[in-house]
K.L.:
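Before we start, here is the structure in question, set down as structure tokens.
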Amino acid sequence: MPASITNSTSRYGWAAIVLHWLIAAIFIGQFVLGLVMMRLSSQRTAFELIQLHKSFGFLLLGLVILRIAWRLGNAVPALPRSVEPFERRVAPLVHFVLYGFQLALPLSGWALVSVSMLEIPSMPFNLFVMPDLPLAESDPAESFWTSAHWYLAYAGIGLVALHIAAALRHHFWLKDAVLTRMIAPSSDHNTE
């Protein structure tokens with residue numbers, strides 16, 4: 001039976017898997033891009049990378065909203081029986097916190113460019129002008145959102161590192177299907 005786009009009772013479908021890995025790649029890439037663009041001596045290159053960072057930030061925000069909507073509309077595969085009761089209780093909370101950071105980080109970046117006194121328009125991938133959020137421009141507001149974005153980025157990448165460590169622990173130490181079900185899609189909705 002061909003792999004499914006939707007989730008089964010034991011595995012994720014193609015839609016959840018593609019969204020998961022695409023968001024993961026963009027999230028980690030955005031962190032690296034943010035570090036690089038703030039350390040460049042060339043203002044022109046830094047400006048271009050900042051525009052690229054904003055573009056991927058808006059894309060990330062859209063994908064995360066899509067992923068949350070997809071998750072709300074699809075069954076969440078049950079954890080393998082080998083997963084301890086404590087982990088079963090904590091897993092939904094961890095995912096909720098990860099989604100929260102994935103939303104808060106691009107929103108804080110959008111707030112930052114919206115309050116900036118520089119008034120440089122955001123043009124995602126040079127396709128259209130993204131309107132600013134209805135926030136008052138000021139130096140104190142820009143300073144606040146710069147700090148918020150910075151702290152959220154480091155906290156978010158820390159959470160992602162813990163998420164990766166947990167997935168690797170399940171795969172290599174506990175040898176269960178927690179990681180593999182997010183790599184290979186379900187092909188049978190009755191598979192356990």
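Quantities reported herein were computed from a predicted structural model and do not represent experimental measurements. Numbers for residues simply follow the sequence, beginning at 1.
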K.L.:
Do you reckon Val115 sits in the same ILVMFWY cluster as Met123, going by side-chain contacts under 4.5 Å, direct or chained?
P.N.:
no
K.L.:
What is the minimum heavy-atom distance between Ala136 and Ala141, and which atoms define it?
P.N.:
O-CB, 4.0 Å
K.L.:
Heavy atoms, side chains only, cut-off 4.5 Å: are Phe47 and Met37 in contact?
P.N.:
no
K.L.:
How far does CD1 of Ile26 sit from OG of Ser55, to the nearest 0.5 angstrom?
P.N.:
11.0 Å
K.L.:
Taking atom CZ of Phe125 as the centre, report whether more than 12 heavy atoms of other residues, nucleotides or ligands fall under 6.0 Å from it.
P.N.:
yes
K.L.:
Determine whether more than 12 heavy atoms belonging to other residues, nucleotides or ligands lie under 6.0 Å from atom CZ of Phe128.
P.N.:
yes
K.L.:
Got a donor-acceptor contact below 3.5 angstrom from the Arg11 side chain to the Ala184 backbone?
P.N.:
yes
K.L.:
Can you establish whether the number of heavy atoms outside Met38 located under 6.0 Å from its atom CE is more than 12?
P.N.:
no
K.L.:
Okay, side chain of Ser143, backbone of Asp139: is any donor-acceptor separation there less than 3.5 Å?
P.N.:
no
K.L.:
With rounding to the nearest 0.5 angstrom, report the CD1 to CD distance, Ile65 to Gln102.
P.N.:
11.5 Å
K.L.:
Are the side chain of Arg67 and the backbone N or O of Ala16 linked by a donor-acceptor pair below 3.5 Å?
P.N.:
no
K.L.:
Checking Arg81 against Asp176 for the side chain to side chain contact (heavy atoms under 4.5 Å, CB included) test, could you report, in this order, the C-alpha distance in whole Å, the side-chain angles of both residues, the deciding distance, and whether it holds?
P.N.:
CA-CA 9 Å; Arg81 290 184 187 104; Asp176 61 25; over 6 Å; no
K.L.:
Stepwise, does the side chain to side chain contact (heavy atoms under 4.5 Å, CB included) test hold for Lys54 with Trp110?
P.N.:
CA-CA 8 Å; Lys54 290 194 294 184; Trp110 192 2; over 6 Å; no
K.L.:
What are the two closest heavy atoms between Ala111 and Leu135, and how far apart are they?
P.N.:
CB-CD1, 3.7 Å
K.L.:
Please report the interatomic distance CG(Leu162) to CD1(Ile157), rounded to the nearest 0.5 Å.
P.N.:
11.0 Å
K.L.:
Is a side-chain donor or acceptor of His171 paired with a backbone partner of Val178 at a separation under 3.5 angstrom?
P.N.:
no
K.L.:
For the pair Trp21 (side chain) and Ile183 (backbone), establish whether a donor and an acceptor sit closer than 3.5 Å, ignoring hydrogens and angles.
P.N.:
no
K.L.:
Given side chains that start at C-beta, do those of Val113 and Ile120 come closer than 4.5 Å, heavy atoms only?
P.N.:
no
K.L.:
Out of curiosity, does Leu72 fall in the hydrophobic cluster containing Ile23 (side-chain heavy atoms, cut-off under 4.5 Å, transitive links)?
P.N.:
yes
K.L.:
When hydrophobic residues are tied together by side-chain contacts of less than 4.5 Å, even through go-betweens, does Leu174 share a cluster with Met182?
P.N.:
no
K.L.:
Which heavy atom of Ala75 sits nearest to which heavy atom of Asn7, and what is that distance?
P.N.:
O-ND2, 2.7 Å
K.L.:
What pair of heavy atoms forms the shortest contact from Gly13 to Pro185, and how long is it?
P.N.:
C-CB, 4.1 Å
K.L.:
Atom CG of Leu63 and atom CZ of Phe56: how far apart are they, to the nearest 0.5 Å?
P.N.:
10.5 Å
K.L.:
Keeping Thr146 on the side-chain end and Glu142 on the backbone end, is there a donor-acceptor pair under 3.5 Å?
P.N.:
yes
K.L.:
Any heavy-atom pair between the side chains of Glu119 and Glu137 that's under 4.5 Å?
P.N.:
yes
K.L.:
Do the side chains of Arg39 and Leu35 get nearer than 4.5 Å, heavy atoms only?
P.N.:
yes
K.L.:
So, are Glu84 and Arg88 salt-bridged, with charged N and O less than 4.0 Å apart?
P.N.:
no
K.L.:
Checking side chain to side chain contact (heavy atoms under 4.5 Å, CB included) for the pair Phe58/Ser122: CA distance, chi angles, key distance, verdict?
P.N.:
CA-CA 10 Å; Phe58 288 121; Ser122 298; 3.7 Å; yes
K.L.:
Considering non-hydrogen atoms only, spot the tightest contact between His149 and Ser108 and give its length.
P.N.:
ND1-OG, 2.7 Å
K.L.:
Would you compute the distance between atom CG of Leu107 and atom CH2 of Trp145 and round it to the nearest 0.5 angstrom?
P.N.:
8.5 Å
K.L.:
Please check if the side chain of Ser114 supplies one atom and the backbone of Leu133 the other of a donor-acceptor pair under 3.5 Å.
P.N.:
yes
K.L.:
Is there a path of hydrophobic side-chain contacts, each under 4.5 Å between heavy atoms of I, L, V, M, F, W or Y residues, that connects Leu79 with Tyr12?
P.N.:
no
K.L.:
So, Phe27 versus Phe101, ring centres under 6.0 angstrom or not?
P.N.:
no
K.L.:
Restricting to non-hydrogen atoms, name the atom on His163 and the atom on His95 that form the minimum distance, rounded to 0.1 Å.
P.N.:
CE1-NE2, 4.1 Å
K.L.:
Do Val83 and Val76 land in one hydrophobic cluster if side-chain heavy atoms of ILVMFWY residues count as linked below 4.5 Å?
P.N.:
no
K.L.:
If I take atom CD1 from residue Ile68 and atom CG from residue Leu103, how far apart are they, to the nearest 0.5 angstrom?
P.N.:
4.0 Å
